[in-house]
2 protein chains.
Amino acid sequence: MVRHSKQRDAIFDNLCSRYDHPTAEDIYFSLKPAIPALSLATVYRNLSQLESDGKIIRIESAGTARYDGNINLHYHLSCINCGGVFDVFMDNDCGLCRKASEVFNGKIIGHSVLFTGYCSACSKQVG
Amino acid sequence: MVRHSKQRDAIFDNLCSRYDHPTAEDIYFSLKPAIPALSLATVYRNLSQLESDGKIIRIESAGTARYDGNINLHYHLSCINCGGVFDVFMDNDCGLCRKASEVFNGKIIGHSVLFTGYCSACSKQVG
DNA sequence: TTCGATAACGATAATCGTTATCATTATCAT
DNA sequence: ATGATAATGATAACGATTATCGTTATCGAA
């Protein structure tokens, strides 16, 4: 049985209102002023729950996990310079799963793509 | 200045001779009988070094990092059932980087693809 | 509208993967 | 052979995440 909670709503709303793919800690510090009693454990708990409910997406970047409130299929780029994670929206999924299903002897359900390179800002400065 | 070491050779050879995308610990336990004095720190150290030398690939799966001695472009599938990571070889990369470069306002250098689903063995049993 | 079962919370200890430290050992140019 | 120092092994430290546990909040039933 699942109950309503202010904290879970706040965490979900916070994540959905931003596009920087925050870590659990980012969300925690972002909500702390509005909910001073908030515990970091609650953030982790609810992010896990929201993810297994399919309401948010977990992005596995090196070290710390990041989260995304946009559950429509899209890809990400991890910037070598600033460490940020950015959205890469592509018209279609390139038939990646279909092509993979042709060559892979198992059952493919989903996929994620992580590009590496430089984000817009960093590519102007550095690379 | 880089020096030769028995441990690094053993770690690299071990990784290249297997196709199960082992974790640092997997490699450690695999080599321990042959090199009883081997330290887990040495395995981590050398895996990091080999990776930054471009001799091996690090796969970011949930929680623990896995390694791959095959540096040719290919993708992976993480099995929902057994947790194993398997190779997915595809004829081409679907022009993924090229297509992404057209829509992304930055500089794309590389990419990784992680499929989720069931491996060959598990798809026969479960899914 | 209270009440009671229990989901969710906050605080914090514990766990796990990985990295840093440091004294010792091995490599290799001289 | 020798000396400088890269690499090692042992282990402490670290950062992210999960587990524990007593308390609080939710919500269906009385």
Side-chain angles (χ1 to χ4, degrees), chain A residues 1-15 20-68 76 78 83-85 114, chain B residues 1-15 20-53 55-68 76 78 83-85 112 114:
Chain A
M1 183 226 211
V2 59
R3 285 181 193 168
H4 186 253
S5 101
K6 273 197 163 71
Q7 291 86 343
R8 182 156 48 245
D9 283 351
I11 290 161
F12 182 67
D13 291 348
N14 182 271
L15 182 58
D20 61 343
H21 311 90
T23 63
E25 216 175 35
D26 290 337
I27 294 171
Y28 170 72
F29 286 121
S30 171
L31 291 175
K32 196 71 176 167
I35 312 170
L38 183 67
S39 169
L40 182 55
T42 299
V43 177
Y44 275 107
R45 250 191 311 250
N46 282 300
L47 286 172
S48 298
Q49 192 173 321
L50 289 166
E51 194 218 349
S52 55
D53 288 350
K55 292 180 182 169
I56 66 171
I57 284 168
R58 180 190 172 101
I59 305 167
E60 298 294 347
S61 66
T64 47
R66 288 163 166 272
Y67 293 88
D68 194 338
H76 296 105
S78 176
V85 171
L114 186 64
Chain B
M1 183 228 210
V2 58
R3 284 180 193 170
H4 185 254
S5 102
K6 274 200 162 72
Q7 289 87 340
R8 182 156 48 245
D9 283 351
I11 290 161
F12 182 67
D13 291 348
N14 182 272
L15 181 57
D20 62 344
H21 311 90
T23 63
E25 216 175 37
D26 290 337
I27 294 171
Y28 171 73
F29 285 121
S30 170
L31 290 174
K32 196 71 177 168
I35 312 172
L38 183 67
S39 168
L40 182 55
T42 299
V43 177
Y44 275 106
R45 249 191 312 250
N46 282 301
L47 286 172
S48 298
Q49 192 173 323
L50 289 165
E51 194 218 349
S52 55
D53 288 350
K55 292 181 181 168
I56 66 172
I57 285 168
R58 181 190 173 102
I59 305 166
E60 299 293 347
S61 65
T64 48
R66 289 165 165 272
Y67 293 88
D68 193 337
H76 295 105
S78 177
V85 171
S112 64
L114 186 64

Exercise. Side-chain contact test, heavy atoms from C-beta onward, threshold under 4.5 Å: evaluate it for A/V2 versus A/R8 and give yes or no.
Key: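 A side-chain contact exists here, since the closest heavy-atom pair is under 4.5 Å.
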
Can you tell me how far apart [atom1] ([X]) and [atom2] ([Y]) are? Round to the nearest 0.5 Å.
X: B/I27; Y: B/D13; atom1: CD1; atom2: CG; value: 11.5 Å
X: B/H21; Y: B/I59; atom1: NE2; atom2: CD1; value: 4.5 Å
X: A/N46; Y: A/Q7; atom1: CG; atom2: CD; value: 7.5 Å
X: A/L47; Y: A/I56; atom1: CG; atom2: CD1; value: 4.5 Å

Using a cut-off of less than 4.0 Å, is there contact between a side-chain N or O of [X] and OP1 or OP2 of [N]?
X: B/R8; N: D/dA7; result: yes
X: B/T42; N: D/dG9; result: yes
X: A/S5; N: D/dT26; result: no
X: A/Y44; N: D/dT18; result: no

Could you state the atom-to-atom distance from [atom1] of [X] to [atom2] of [N] in whole Å?
X: A/L38; N: C/dT12; atom1: CG; atom2: C1'; value: 15 Å
X: B/Q7; N: D/dA10; atom1: CD; atom2: P; value: 11 Å
X: B/N46; N: C/dA20; atom1: CG; atom2: C1'; value: 16 Å
X: A/D9; N: C/dA8; atom1: CG; atom2: P; value: 12 Å
X: B/R45; N: C/dA20; atom1: CZ; atom2: C1'; value: 10 Å
X: B/H4; N: C/dA26; atom1: NE2; atom2: C1'; value: 12 Å
X: B/L40; N: C/dT18; atom1: CG; atom2: P; value: 9 Å
X: A/E25; N: D/dT18; atom1: CD; atom2: P; value: 14 Å

Could you check whether any side-chain N or O of [X] sits under 3.5 Å from a backbone N or O of [Y], counting only pairs where one atom can act as donor and the other as acceptor?
X: A/D26; Y: A/T23; value: yes
X: A/R58; Y: A/S48; value: no
X: B/T42; Y: B/R45; value: no

**Q.** For DNA chain C, the residues among residues 59-67 of chain B that have a non-hydrogen atom under 4.0 Å from it
**A.**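 Going residue by residue through residues 59-67 of chain B, the ones with a heavy atom under 4.0 Å of DNA chain C turn out to be B/T64, B/A65.
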
Heavy atoms under 4.0 Å, any strand shown: does A/A41 hit a base, just sugar-phosphate, or nothing?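 Touches a base.
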
(Q) So if I take the C1' atoms of five pairs at each end of the helix from C/dT1-D/dA30 to C/dT30-D/dA1 and get each local axis, what angle do the two axes make, rounded to 10 degrees? (A)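 Answer for the end axes of this duplex: 30°.
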
- Task: Ignoring hydrogens and angles, state whether a donor on the side chain of B/D9 or B/H4 is under 3.5 Å from an acceptor on the partner side chain.
- Result: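 The criterion, which ignores hydrogens and geometry beyond distance, is satisfied for B/H4 and B/D9.
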
Practice task
Measure from the side chain of B/S48, starting at C-beta and using heavy atoms only, and say which of D/dA6, C/dT19, D/dA7 lies closest.
Solution key: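 Of all the options, the side chain of B/S48 is nearest to C/dT19.
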
| message | Starting the side chain at C-beta, find the nucleotide from D/dT8, C/dA8, C/dC28 nearest to A/R3. | response |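 The listed nucleotide nearest to A/R3's side chain is C/dA8.
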
query = Which sits closer to the 5' end of DNA chain C, B/R58 or B/V2, going by the nucleotide each is nearest to?
reply =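 Its nucleotide being nearer the 5' end, the pick is B/R58.
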
- Task: Take atom NZ of B/K55 as the centre, draw a 6.0 Å sphere, and report whether it contains more than 12 heavy atoms from other residues, nucleotides or ligands.
- Result: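 Open.
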
